[in-house]
Enquirer: 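Take this structure, written in structure tokens, and hold onto it; I'll ask about it next.
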Amino acid sequence: MTQVDTAPSNFIRNIIDSDLQSGKHQVIHTRFPPEPNGYLHIGHAKSICLNFGLAEDYPNALCNLRFDDTNPVKEDADYVAAIEKDVRWLGFKWAGDIHYSSDYFEQLYDFAVELIKKDKAYVCALDAQQTREYRGSLMTAGKDSPFRNRPTSESLDLFARMRAGEFAEGSMMLRAKIDMASPNMKMRDPVLYRIRFAHHHQTGDKWCIYPMYDFTHCISDALEGITHSLCTLEFEDHRPLYDWVLANISIACKPRQIEFSRLNLQYTLTSKRKLHALIEEEIISAWDDPRMPTISGMRRRGYPAAAIREFCKRIGVTKQENTVELASLEACVRENLEAHGPRAMAVLDPVKVIISNYDENKTEKLIAAVHPKDESMGTRTVTFSREIFIDRADFREEANKKYKRLVLGKEVRLRNAYVIKADQVIKDDAGEITEIHCSYDPETLGNNPTDGRKVKGVIHWVSAVENQAAEFRIYEPLFMVENPAGAENIHEVLNQNALVVKHGFVESGLSDAPAEKAYQFEREGYFCADNKDSSPERLVFNRTVALRDSWGG
RNA sequence: UGGGAUAUCGCCAAGCGGUAAGGCACCGGGUUUUGAUCUCGGCAUUCAGAGGUUCAAAUCCUCUUAUCCCAGCCA
């Protein structure tokens, strides 16, 4: 029997299971909290699949989509739209409306006032430089700010005036009063609010003070009734602060923060800041460049959402630092496309073949399966004619027995058509092959030669009289080193061949190939029409991933 | 030399005191009008290291080692 493919267990599911069993929670509630300061990438996909996956698997569970938008100078409404689209495309549904941390600015402000009144927070006028000095170092304790013990009434007044816009950016800030000698740097009177006279994409110019992440995130979680707040390892040190804030304000909900390790992928950058830089330096064209590890880049490249979900399932969730091999992601993509991609023939590097014993004025409509193993996908017709194109790599004037393609004087099977034999080669002055003259065996359509001749090789082809010209974009990893994030100079490790453009032909049936729809161009790989540059007048195909190649030649 | 974390096959990763799952990769055999797919088989006497507890340890205890994170008014 087919096993229902349940998500593999992981330490977070174990925690949830015991929380449910102990009665701590009846239902669980997670959230995916991106900051709208860039596009989502494969690393975010891991978090999305985790958080939304939990909500799908546990009874009545929910997952919110919340934009963590507390830093207006880095954020933009365009990113909000792109993120929303990517999450939906990945196949997930968030609970209710989209949330924004900025929805809670008023409540956040009130909680800040509460902390001040409890003498748990104070307005500090140290500048950035001084703040850093007072914080101390990893080895040495920090010093108390001279403003630390100002009366709460004074802080209350100052905080109100910060909000009113009376002070310049950087001149004042609200800080939690915790412990400047804490061995955990995050607990050394962390900044709660800073002044920013910046237009916010959601709240406009209503505010000139903005809450910091550590103050905002835990409260937003609590206000939304989040039970399990999942984040990456670098926030482990923030957890005491997360708990401190919720312990010191009047709020009942106490979500539990659990950290897991972020995904690192060979040959790729998974840092929004660094991806931003690639765009600014025009190394790639945009966030959705098919060479990008962004959700939109992978979509444009042809990666199915289901393949990305499967990948996230396979890599698991742990606290171990990890770097996943690219082959693992590609295996998921191939597995999906192998099953779902209609087959077609495309010649990427064409050379003309003339079948001398085939009638000059004749063409035939040959029937070919859309998928060799899935009859439900039907058949298609491909036009055969006296002149066809094959790939240059599929012909050699001489070759050893390992070469299973067309060789001068030998036979090869044309996929879905006849067996042909290469009789003669025509070259130009430069020695470049311009034509290969062949003869075909009319008895070999749909069956092997009756005289027992063994024809090993099969090559693909496209009619030279009925076809569609097409551009093919062949992609490779953007970087030549496994860990580009560790490179001292990113320019030195850039793969100059990350994009190679070829021009050739596809079956005429592909003239209306919809963008992003995956095809397998037999013996070449999986391709889809580009969602920006392809049109019926000018077909442009992106190679999603090559076929597995155990030959290597 | 402060604090927080992590160490199971090349890469991920189960395992939670009873004698090392699985996936990817790799290496063979078979099928094949895609050098694809599919299929069959191989792939950790060992769990960072050293001690200890136990009839029994990857799992418990000690110490050691390695790696990652933290000194933004970023998230």
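Only this structure's heavy atoms are used, side chains among them; waters, hydrogens and symmetry mates stay out. Here is how names work: the chains are called A, B, and so on, in the same order as the sequence lines, proteins then strands, and each is numbered from 1.
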Enquirer: At under 4.0 Å between heavy atoms, how does the protein contact nucleotides 68-75 of chain B? Give one character per nucleotide, 5' to 3', with B, S or -.
Expert: SBBBSBSB
Enquirer: Considering every strand and a 4.0 Å limit on heavy-atom distances, what is the contact class for A/Asn322: base, sugar-phosphate, or nothing?
Expert: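 If one applies the 4.0 Å heavy-atom cut-off, A/Asn322 turns out to touch the sugar-phosphate alone, with no base involved.
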Enquirer: Which atom pairs, one a donor and one an acceptor, fall under 3.5 Å between side chains of residues 38-45 of chain A and the rest of the protein, sequence neighbours left out?
Expert:
{"from": "A/His41", "atom 1": "ND1", "to": "A/Gly43", "atom 2": "N", "distance (Å)": "2.9"}
{"from": "A/His44", "atom 1": "ND1", "to": "A/His41", "atom 2": "N", "distance (Å)": "2.9"}

Enquirer: Report the relative orientation of the aromatic rings in A/Phe389 and A/Phe505; use parallel for angles under 30°, tilted for 30 to 60°, perpendicular for over 60°.
Expert: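 The arrangement is parallel - the two ring planes meet at less than 30°.
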Enquirer: Indicate, yes or no, whether a donor-acceptor pair under 3.5 Å links the base of B/G4 to the side chain of A/Arg239.
Expert: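 Under the 3.5 Å cut-off, the side chain and the base do not form any donor-acceptor pair.
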Enquirer: By nearest atom, which of the nucleotides B/U8, B/G35, B/G15 is closest to the A/Ser9 side chain?
Expert: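 Selected nucleotide (nearest to the side chain): B/G15.
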Enquirer: Going by the rule side chain to side chain donor-acceptor pair (under 3.5 Å), which residues pair with A/Gln129 if we only count those two or more places apart in sequence or in a different chain?
Expert: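 If we apply the side chain to side chain donor-acceptor pair (under 3.5 Å) test to A/Gln129, skipping adjacent residues, the hits are A/Arg132, A/Glu133.
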Enquirer: Which part of the nucleic acid, if any, lies within contact of A/Thr216, taking any heavy atom under 4.0 Å across all strands shown: a base, the sugar-phosphate backbone alone, or nothing?
Expert: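 Answer is nothing: A/Thr216 stays at 4.0 Å or more from every strand.
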Enquirer: Could you tell me whether A/Ala141 contacts a base, only the sugar-phosphate backbone, or nothing, with contacts defined as non-hydrogen atoms closer than 4.0 Å?
Expert: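 It contacts nothing in the nucleic acid.
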Enquirer: So which atom in A/Ala422 and which in A/Phe395 form the shortest heavy-atom distance, rounded to 0.1 Å?
Expert: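 In terms of heavy atoms, the two residues are closest at CB-CE1, 3.9 Å.
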Enquirer: Does anything in residues 174-182 of chain A reach RNA chain B, meaning a heavy atom under 4.0 Å, and if so which residues?
Expert: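 None - not one residue of the stretch has a heavy atom sitting under 4.0 Å from the strand.
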Enquirer: Tell me the ring-ring contact (aromatic ring centres under 6.0 Å, His included) pairs involving residues 310-339 of chain A, sequence neighbours left out?
Expert: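 Applying ring-ring contact (aromatic ring centres under 6.0 Å, His included) to every pair that reaches into residues 310-339 of chain A, excluding sequence neighbours, yields nothing.
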Enquirer: For the side chain of A/Gln320, counting heavy atoms from C-beta on, which of B/A7, B/G35, B/C12 is nearest?
Expert: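 Taking heavy atoms from C-beta onward, the closest nucleotide is B/A7.
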Enquirer: Mind checking A/Gln266 for me? I need base, sugar-phosphate or nothing, with any heavy atom below 4.0 Å counting as a touch.
Expert: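 If one applies the 4.0 Å heavy-atom cut-off, A/Gln266 turns out to touch nothing in the nucleic acid.
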Enquirer: Scan for ring-ring contact (aromatic ring centres under 6.0 Å, His included) pairs involving residues 159-187 of chain A, sequence neighbours excluded, and state none if there are none.
Expert: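 As it turns out, the ring-ring contact (aromatic ring centres under 6.0 Å, His included) pairs with a partner in residues 159-187 of chain A, which skip direct neighbours, are A/Tyr109-A/Phe159, A/Phe159-A/Tyr193.
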